[in-house]
Structure formats: C-alpha cells, structure tokens
*Asks:* 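What follows is a single structure, and I will ask about it in a moment.
Each chain gets a letter, A, B and so on, in the order its sequence line appears, and its residues count up from 1. Excluded from the calculations below are hydrogen atoms, water molecules and symmetry mates; all remaining heavy atoms, backbone and side chain alike, are included.
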Amino acid sequence: MKQRRGRILPREEGSPSLDLVIAIMGFLAALALGGVLISYHSAQSWQAGLTGRLTVQILPQGEVPPQNEVNSAMAILQSTPGVASAVVLSDSENVALVEPWLGRDAAIAALPFPRLIDVKLAPGAMPDVDALNRRLKAAAPHAVLDDHRRWIGRLRTASDAVVLTALAILALIAVATAATVAFATRAGLAAHRSVVELLHLMGAQDRFIARAFERHYFISALLAAAFGAMLAAAGFVAAGSLDRLGISGVSFLPPLGLSFADLPWLASVPIGAAIIAWATARVSVIVSLRELY
Amino acid sequence: MVRFENVGMRYGEGPEVLRDVNFALEPGSLTFLTGPSGAGKTTLLRLAFLAEKPSRGLISLFGRELARLKRTDLPPLRRRIGVVFQEFRLLDHLSAFDNVALPLRLSGRRAAAYESDVEELLSWVGLGEKLHSKPPTLSGGEQQRVAIARAVVAKPDLLLADEPTGNVDSDIGERLIRLFAELNRFGTTVMIATHDRNLIEATRARELRLIDGRLVEMRGAR
C-alpha cells in the first residue's frame, strides 16, 4: 500500500498575531513602494512637460504689461532659430493656470498679472538661452525668460527625497519583519523542542531541521504580506479611479493612483517578505541548533 | 566500536553521576548494562549516543575519538546508532509507519525504497494492523514496540536500548530480544540497559554493572 509521508514537524496551529503583523508590514511596504512609483512617474511626466519649452513673462508695468514689449518679445522669439512656436496665453488660459491656488472664479483681471508666452522648441534644438535672454531684455525690459532648469532641478531633488525616504521605510519594514520572524521562529523551536532534539539525536543535519521551519514561515509570510499588499493595491486603484473621474482632493498634488501596469511591482512585496522570513527562520534555527552538542 | 577511558560525568555543579568509567564494546558484541535505578545507566547510554559530552575522560566511537571531531562530523555517526529510549520519544503527530521510517528518511532514502521493509518490520513486532495509528492511540507496550522498530529499521552498527522490555508482556519481550539477537548475529553491536534478570540469564551475554556511578565487569561473554 502506498504510504504518504507525514510532515517532520507538527503542523503549526497558525499564529494569527504573526500573520497580522506581517500583513500590516506588507501593507506599509506596498504603500511605500507605491509612493516611490508615484513620485517617479510624476517627476518623469513633469519633466517631460517642461523639457523642450521656455516661458517668457512680460511683467506688468503698473497694472498691465506693456503690449509693445509683448510684440517685441514675440518678434524676437519667432526669429530665433530652434523655436518651433511662440504663443501668448489668453486670459482664460491664465485663469486655468492659477485655478489650483486661487479657485475657478479668480478675478485675475484685477490683479497685476504678467503676459505669458509659451515657447515650444523644435525637437533637439538647444538655443543659447543666455543670448536670447539678453536680446529679450534689450527689446523688452520687463521680459523674464524662464527655461525651467531651476524648477526641474528642485523637482528632481524633491522626487529623489521621496524615493530615498520610501526606500528607508522599506528597509525599516524589512528589518522589523526579520526581527518578528526571528522571534516567532525561536518560539516555534521552543514549542517543538522535543521533536527537534530527537531529530538531532537521530543524526538529522541542522539544514534538514531548518528546512521544516523555513517552509512554514516562507508560506505564512507570503500569504500574509500578499494580503496586506493587495489591500494597498486596492487603495491605489481606488485613488486612481478618483483621479480619472476628476475627483481629487488637492489639485496641485500629483495623482495618487497607480496604473494597472504598476501593480505587478507590488507583487515584489510578498515575495520579498517571504524571502526575508525564509532566510531569518533558517539563520535562527541553525544558530539555535548550534547550542546542542 | 565503543571505548570509554576514565570517563566522568556530572551535570552542572552537581555530584559526579559517572566516575572513572572504563570499558570497550567489541564489534558484533552483545552486552547488558545493569545496576539499580539512579546508578547512571541512562547517563552512560546518553554519552554513547552522543546526547552529552563527558565532563572528563575520552570516548571513542567507530574508531574515532569524539573530542577530536567537529560538530558537523557527528550527524553521520549518530545515524549509525539505533537508540531505544526509556520514554520511547515517538513523534505524536506521525503515524507508527512514519515514526519507524524516520531514520531511513533522515539518511535520505526514498519512500518507495523502504515502504515494504517498514511494513514488514511493524508486522513482525505485532503492529501490522496499526501502521497508521498515532502514538497517543497506542498502548504503552505498542509504543515501545514502535520505538524498538524505529531503532533497528536502518540496521545500525550500534544499538543502544534503555529498558527495552519494561512495558511489554513476556511473550512480546522474548520476541523483541530475539530481534536484538538477530541483529547482533548480523553484526550489530548491542548494549541493553535492563533490570530484567530473566533476559540476561536467557542470553548469557556479557554483563557490566553500574554501582554508584562506577562500572564493574560482572560477567564476560560466554
């Protein structure tokens, strides 16, 4: 008759508190990873929107910007090699720009608002910004040329800071997960001490005994962290849906949702948690077994 | 096979349980270890199956001096020893079959290769109908037979048994002793710690007696 081999260690009755802690860790890790992805995508899209463009402001003299300076600046821009187009923004476009800060009904006509010229560069064109600035100043003293370099630099710094913070949080979560699993493994070893000692006396290698523990904690961590990561993924998908429907909390923040294409990245959370649990259980068991003769 | 030279053993700061123990077990020999309760029989066996390090003295096993071995050298030596523990030490979550098969599993044998051997051995010790029973559902005598089957299944080079017939009736006891004798005939060195005078007289083997932690040769092999 074919015999089915029993498990070397008794089936763990399950430790709901360990599973809960790992699920929470998985949730937090997925949030941190999602933060990295959102920050990365936002920085990319902002940078893509600003690269290849210049903005010229004609500052108001008194209440309104002088129209003759707008015309001079337009003439210079249109004659500059590498400039694909130069367009003066309309009042409605100006209102749209300040809407996130001042609201939809901002009365910008009553404000000393500059004229803005949106300049698109031809693909690959690298005009001499300093020379252009000098020519603009000569013809239109109230003109200010902005090539967005400072803004892009700050954006990159902010984005890098978000990514580094999220990575630090991920590292802390990894350490906390390892410490939790190490504690649980020690408790498991104590609970099964008689079985472990017997296997040791019968000549089981430390690796053989460790394998029985590793398998248990690998599967527990995989499932619990997957549950936590799925909760976080559901949150990101919900936030993404709100963004797409135009329901957003603060309009000048980047969209807080993740696209479906990003979700596979979150699968790395349970895989990482399972690997950490596996390695921690292995090291904990082998170190404990070394106390035996 | 086994050699103890001036071996002493104490637990922690307590008194010496074994004092200046000297003996050797020749390959293929059968030896009884006797003595009153508390004389140190179990401690001597624990030293021999590598559960403890002696406090002093030298122990050699299979021609190798244990003090010179690394920890990683010990598992292969342990797998050459079959042990019948006084308190059986069966794994309650495993069936009788899996308990007996454990040494074969630890030595890396495939289930298909040992299935019939294990079933045959369990039938031989009268447990053919209880292959799937777990230890808590077995009587004391049945558990003891599973423990003995586990100790002998891998045909160990050295068999150490601590009161192996303590919980079984005389018929089963005789049968188990025949099993030990059979193993011994095929080359296994056997040492049995027991109080059972009938058993000792029936086999007329060598007897070592422990009295207050000191070993006395009572009778050489006949």
*Asks:* Residue by residue, scan residues 37-56 of chain B and write down, ordered by number, those that have a heavy-atom distance under 4.5 Å to chain A; if none do, write 'none'.
*Replies:* Phe49(B), Leu50(B), Ala51(B), Glu52(B), Lys53(B)
*Asks:* Check whether more than 12 heavy atoms from other residues, nucleotides or ligands sit under 6.0 Å from atom CZ of Phe23(B), and answer yes or no.
*Replies:* yes
*Asks:* For the residue pair Asp92(B) and Val195(A), establish whether any side-chain heavy-atom pair is separated by less than 4.5 Å.
*Replies:* no
*Asks:* Kindly check if the number of other-residue, nucleotide or ligand heavy atoms within 6.0 Å of OH (Tyr40(A)) is above 12?
*Replies:* no
*Asks:* Which of residues 133-155 of chain B have a heavy atom under 4.5 Å from any heavy atom of chain A?
*Replies:* Arg150(B)
*Asks:* Report, as yes or no, whether the 6.0 Å neighbourhood of atom CH2 on Trp124(B) holds more than 12 heavy atoms from other residues, nucleotides or ligands.
*Replies:* yes
*Asks:* Would you say that more than 12 heavy atoms from the other residues, nucleotides or ligands in this model lie under 6.0 Å from the CZ of Arg215(A), or not?
*Replies:* no
*Asks:* Considering only heavy atoms, give the residues of residues 279-293 of chain A separated from chain B by less than 4.5 Å, sorted numerically, with 'none' for an empty result.
*Replies:* Leu289(A), Arg290(A), Leu292(A), Tyr293(A)
*Asks:* Does Arg19(B) CZ have over 12 foreign heavy atoms under 6.0 Å away?
*Replies:* yes
*Asks:* Where do Leu102(B) and Ile8(A) land on the side chain to side chain contact (heavy atoms under 4.5 Å, CB included) test, with the steps shown first?
*Replies:* CA-CA 9 Å; Leu102(B) 200 52; Ile8(A) 286 281; 3.4 Å; yes
*Asks:* Could you please state which residues from residues 64-90 of chain B sit under 4.5 angstrom from chain A, measuring non-hydrogen atom to non-hydrogen atom, sorted by number, or 'none'?
*Replies:* Leu66(B), Arg71(B), Leu74(B), Pro75(B), Arg78(B), Arg79(B), Phe85(B), Arg89(B)
